[in-house]
Number of protein chains: 2
Amino acid sequence: MKYSSPRFDRLDEEKKQRIIRAAIDEFANLGFEAANINKIARKAHISVGSLYKYFKSKKDLFLYVIQLSSDLIEEELRAVNEAPFMSVESKIEKVLRIILRTNRQQANLIRLYLELTSSSNNDMTKLLSFNLETFSSQCYRQILANGQATGEVRADIDPAMAAFHLDNIFLALQYSYVGGYLYERYRIYVKEGIDSIENDEFVIAETMKFLQGALLNAKD
Amino acid sequence: MKYSSPRFDRLDEEKKQRIIRAAIDEFANLGFEAANINKIARKAHISVGSLYKYFKSKKDLFLYVIQLSSDLIEEELRAVNEAPFMSVESKIEKVLRIILRTNRQQANLIRLYLELTSSSNNDMTKLLSFNLETFSSQCYRQILANGQATGEVRADIDPAMAAFHLDNIFLALQYSYVGGYLYERYRIYVKEGIDSIENDEFVIAETMKFLQGALLNAKD
DNA sequence: TATAAGTGAGTGAGTGCTCACTTTTTTCAA
DNA sequence: TTGAAAAAAGTGAGCACTCACTCACTTATA
C-alpha cells in the first residue's frame, strides 16, 4: 500500500526527513487523535497546503510513518534470526539488547507503537497488525521451533504461544522505557529509573532468568 | 482525591450507574481525546449542563470512572492474596482465571485501562499509576516472596522484578482479549479467536507452563 | 416561597482540509 | 543565449465543522 504521493517521493532527502521527523514527534507525543496537522507542517517548515499535496489525509501520513519505522525494526530482527551457530539463549539476549538500545535511540518511534497498540480505529488495526507483526511472529516461532529440534527449548510448549508470551515480555519492557503510565508502573513495581544505563544489566539479567526458566531446558 | 461533586453523590443509584456506564462506554471505545462529553450526556439521558454540575471537567469524569473500576479489581485480587493454604501455583492460576472472566464481563473496563496505558498525559499518569498499581504490585511481590520462603518459588530471582514480569504477562493477555490491535496480533502469533470460550483452557495451560518455568522450582 | 436540580442553545477556541493564488522550475523556439 | 510560456511546486487564509464548557432560564422539591 502506498500512502505518500509521487510528489512527496520526489522531494530531496533532507526535506523528507524533516517532515517524517516532525510527524513522528507529533504523533508519538500526542497520539493520533490529538496530533495536529497544522503543527506538523509548522515543525517541518512547510505549509499545510504542501503537506496535503504529499499525503491525502492525516491518516495516510500516520500510516506512512508507521510503515516506515516497521521496516527498520524488521531489518534488525532478520540479522539476529539468520545468525548461524548461535544458541537460542544468545539469540534471545541479543534481541533484548537490541530492544534496550532502540528504546534509547528511537524513543519516539516506540511511543508511536504504544499509541498504535491502544488505537481503537478498527480499519487501521487489521492492516497494521498484519504488516508489523507477521514478520516478528514468524521469526520468534522459528527460533523456538528450531530450538525444540536441537533440544535447547522445552518440548512441552506450543511454539506459537511461547513466541506470543516472549514478545509480550519484550513489548511490556519496551513500553516501560518510553515514559507515561508504564514508566511510572515500573517504578512502583521495581524501582526508580528503568531507563538509567546502570540499570540495563539488572533488567537483562532478571529478564533472561525469567525467560530461560519459561522457555529453555535446564542445561546438563 | 474527589472527582465528583456532592450533587452527583446525592443522585439515586440508578441514575449514577447510567452516567457511569455511558462514560465508560464512550471513553473505552474512543479513548480520552476522541470521547465526546455531549454524547456521554445523551447516552445517559441527561443534559450536558447537568453533567457539568456533577463533574467539573472531562478529565475529572475520566478520572472518576477509572478510580471506580480500580476498586473492583482490587477487591478480587485481595481475596486471592489472602486465601490461606493455597500454593503459589494455584494462586497464579486463580488470578489468571479471574482475568479471563473479567475480560468477558468487563471488556469496556479493560479497554479503558488500555487507553490509559498509552496515554501520554503526564499529570494524570503519575497519579493514576500510583492508585492502580501500588496494590497489585505489593500483592504479587508478597505472593512471590512468601513462595521463596516456602521453597516453591525460585530463590535466584528478584521478587519485585518477577512480579513485574508476571503482571506484564497478565496485562498483555488482558489487552489481547478486548479487540483492536493486540487482538489481531494474537491471531497472527497463535490462531484465530483468543476470545472463544473453547480456547480458554489452552491459554491457561500454556500460560501456566510458561509461568511455572519462569517462576517456580521444579517439583520433587 | 425559597432552594435545589436540571436544561440545552449558544460560545469560542480549535482543527482537518481546500483552493485560489504566488513562486519556482522546466521547456524550447527564436 | 534568451525569455516567454507551460508545468510543477508551494502557500496560508479561510471554510466547515467539532466539541468542551457556560449561563440564563425552567422545573421540581422542601
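These values consider heavy atoms only, across backbone and side chains, with no hydrogens, waters or symmetry-generated copies. In what follows, chains carry the letters A, B, and so on, assigned in the order in which the sequence lines appear, proteins first and then strands, with residues in each chain numbered from 1.
Listed pair K56(B) / dA20(D) fails the phosphate criterion, with no side-chain N or O lying under 4.0 Å from OP1 or OP2. Using a 4.0 Å cut-off, some side-chain N or O of N36(B) falls inside it from OP1 or OP2 of dA20(D). Between S50(A) and dA9(D) there is no side-chain N or O to OP1 or OP2 distance below 4.0 Å. Put simply, K53(B) has no side-chain N or O that comes within less than 4.0 Å of OP1 or OP2 on dC21(D). One finds no side-chain N or O of S47(B) lying less than 4.0 angstrom from the OP1 or OP2 phosphate oxygen of dG8(C). Taking 4.0 angstrom as the limit, N38(A) places none of its side-chain polar atoms (N or O) nearer than this to OP1 or OP2 of dT15(C).
Side chain of S176(B) to backbone of A172(B): a donor-acceptor contact under 3.5 angstrom is found.
Cation-pi check for R10(A) over F8(A) is not met; the charged atom does not lie both under 6.0 angstrom from the ring centroid and within 45 degrees of its normal.
Residue A35(B) is classed as a sugar-phosphate contact, given heavy-atom separations below 4.0 Å to backbone atoms only. Across all strands, R10(B) comes closer than 4.0 Å only to sugar-phosphate atoms, never to a base (heavy-atom distances). Across all strands, Y54(A) comes closer than 4.0 Å only to sugar-phosphate atoms, never to a base (heavy-atom distances).
Comparing dG10(D), dT7(C), dA20(D) against the side chain of K15(A) picks out dG10(D) as the nearest. Taking every side-chain heavy atom of Y52(A) into account, dG16(C) is the closest of dG16(C), dG6(C), dC21(D).
Mapping S57(A) and L51(B) onto DNA chain C by nearest heavy atom places L51(B) closer to the 5' end of the strand.
Aromatic pair Y140(A)/F170(A): centroids less than 6.0 angstrom apart. Checked against a 6.0 Å centroid threshold, the rings of F55(A) and Y64(A) count as neighbours.
Aromatic ring orientation, F210(B) versus H165(A): tilted (interplanar angle from 30° to 60°).
Taking a 6.0 Å sphere around NZ of K94(A), one finds it holds 12 or fewer heavy atoms contributed by other residues, nucleotides or ligands.
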Could you list the protein-to-nucleotides 25-28 of chain D atom pairs, N/O on both sides, closer than 3.5 Å?
none

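Put simply, the side chain of R7(A) and the base of dG10(D) share a donor and an acceptor less than 3.5 Å apart.
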